[in-house]
Amino acid sequence: MPLPSQYSVVVPAAGIGERMKADCPKQYLHIAGKTIIEHTLTNLLEHSQVKHVIVVLDPNDNFFSELAIASHPSIKVVEGGQERCDSVLAGLNYLPDDEEWVLVHDAARPCLAKTDLTTLLQLAEQGSIGGILATPVRDTMKRAIDVKMNGQHVIKQTESREKLWHALTPQFFKLASLKKALNEASKQNANITDEASAIELLGEKVMLVEGRASNIKITQPEDLLLAEFYLTQKQAK
Ligand code: C5P
């Protein structure tokens with residue numbers, strides 16, 4: 001049996017996380033005994049199909065170098081940019097082989113399950129342009145009108161949740177396709193909030209790989225407790 005292929009991961013971690021209202025960027029908050037970014041990187045590095053992790057940091061970041069994981073031999077640090085997509089491109093540009101497939105995973109998602117990552121990686125052998133982990137929308141979806149009433153948002157209409165998915169990370173594409181897509185999106189000034197959006201702009205078909213809803217992105221203070229719960233459950237197994 002040939003050994004399974006190994007891949008590099010770009011981890012954008014150059015954001016401030018304003019919505020968290022914390023004293024430090026959210027990826028440096030502690031939960032379940034470690035910082036969020038250490039959980040995220042440990043999850044990735046423990047997977048047998050991950051060979052390198054490129055961590056993309058704010059040029060003025062003084063936190064990462066203080067962490068023990070910073071000296072891990074499979075971690076390389078590069079400087080990020082203004083927007084998330086600029087940071088991702090900076091990470092991708094560090095990688096030498098355009099024919100390789102690459103993963104992009106948010107630093108703020110510390111609860112990724114190993115089995116979900118394994119399933120996503122199988123896309124490299126399935127003849128698609130690539131894909132993303134995602135979960136189907138379960139709640140009823142409302143669109144709000146443009147103006148607030150008494151300081152509150154107001155419903156304009158109910159949107160069908162049929163065929164709606166939450167886009168998670170990791171997202172997994174061939175390096176050449178992803179670089180081309182992100183450069184093109186940047187030229188068009190398109191609003192890119194994940195890698196798949198850039199590939200979609202090229203008219204390509206991106207696969208949705210159903211993953212666990214526990215793979216949350218820590219955004220607001222209440223997410224910390226939920227992530228702590230998932231991480232302690234995992235540690236207890
Ligand atoms: O802000 P948001 O939660 O959408 O950010 C998603 C990820 O992108 C985070 O891990 C954040 O650190 C990263 N990011 C980045 N460079 C930016 C903005 C966000 O690497 N300029």
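Atoms within each ligand, like the ligands themselves, are counted from 1 in listed order. Below, all heavy atoms of this structure are taken into account, side chains as well, without hydrogens, waters or symmetry copies.
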Out of all atoms in ligand 1, which are within 4.0 Å of some heavy atom of Gln82? Include the element for each. 21 (N)

Shortest reach to atom 12 (O) of ligand 1 by a heavy atom, considering only Gly15, Cys85, Ala90: Gly15

Report, in ascending order of atom number, the atoms of ligand 1 lying under 4.0 Å from any heavy atom of Ala107. 10 (O)

Using a heavy-atom cut-off of under 4.0 Å, does the side chain or the backbone of Ser87 touch ligand 1, or both, or neither? side chain

Verify the neighbour count for atom CG of Asp97: are there more than 12 heavy atoms of other residues, nucleotides or ligands below 6.0 Å? yes

Is it the side chain, the backbone, both or neither of Met20 that has a heavy atom closer than 4.0 Å to ligand 1? neither

Atom of Ala198, atom of Leu182 and distance for their closest heavy-atom approach: CB-CD2, 3.7 Å

Which residue and heavy atom of the protein sit nearest atom 2 (P) of ligand 1, plus the separation: Lys217 NZ, 3.6 Å

Carboxylate-amine/guanidinium contact Lys51 Glu100, below 4.0 Å: yes

If you have a sec, work out which protein heavy atom is nearest atom 1 (O) of ligand 1 and how many Å separate them, to one decimal? Arg19 NH2, 3.9 Å

Check this for me: does any side-chain nitrogen of one of Arg161 and Asp139 sit under 4.0 Å from a carboxylate oxygen of the other? no

For atom 3 (O) of ligand 1, which protein heavy atom lies nearest, and how many Å away is it? Lys26 NZ, 2.8 Å

Ligand-residue contact atoms, ligand 1 with Ala108, heavy atoms, under 4.0 Å: 10 (O)

Is the closest heavy atom of Arg109 to ligand 1 under 4.0 Å? no

Can you tell me which residue and heavy atom of the protein come closest to atom 9 (C) of ligand 1, and the distance to 0.1 Å? Pro12 O, 3.7 Å

Start with the C-alpha gap between Tyr230 and Asn215, add the side-chain angles, then the distance that decides, and say whether side chain to side chain donor-acceptor pair (under 3.5 Å) holds. CA-CA 9 Å; Tyr230 289 134; Asn215 182 11; over 6 Å; no

Parallel, tilted or perpendicular for Trp101 and Phe172, by the 30°/60° rule? tilted

Using a strict cut-off of less than 4.0 Å between a Lys/Arg side-chain nitrogen and an Asp/Glu carboxylate oxygen, indicate whether Asp106 and Arg84 qualify as a salt bridge. yes

Does a side-chain N-to-carboxylate-O contact under 4.0 Å join Lys174 and Glu99? yes

Could you tell me whether ligand 1 has any atom less than 4.0 Å away from a heavy atom of Ala13? yes

May I ask you to identify the nearest protein heavy atom to atom 20 (O) of ligand 1, giving residue, atom name and distance to one decimal place in Å? Ala14 N, 2.8 Å

Verify, without hydrogens or angle tests, whether His39 (side chain) and Ile31 (backbone) share a donor-acceptor contact under 3.5 angstrom. yes

Locate the shortest heavy-atom distance separating Pro110 from Thr40; write the atom from each residue and the value. CA-OG1, 3.4 Å

Distance-only N or O hit between ligand 1 and Val56, under 3.5 Å: no

Residue, atom and distance of the protein heavy atom nearest atom 7 (C) of ligand 1 read Asp106 OD1, 3.4 Å

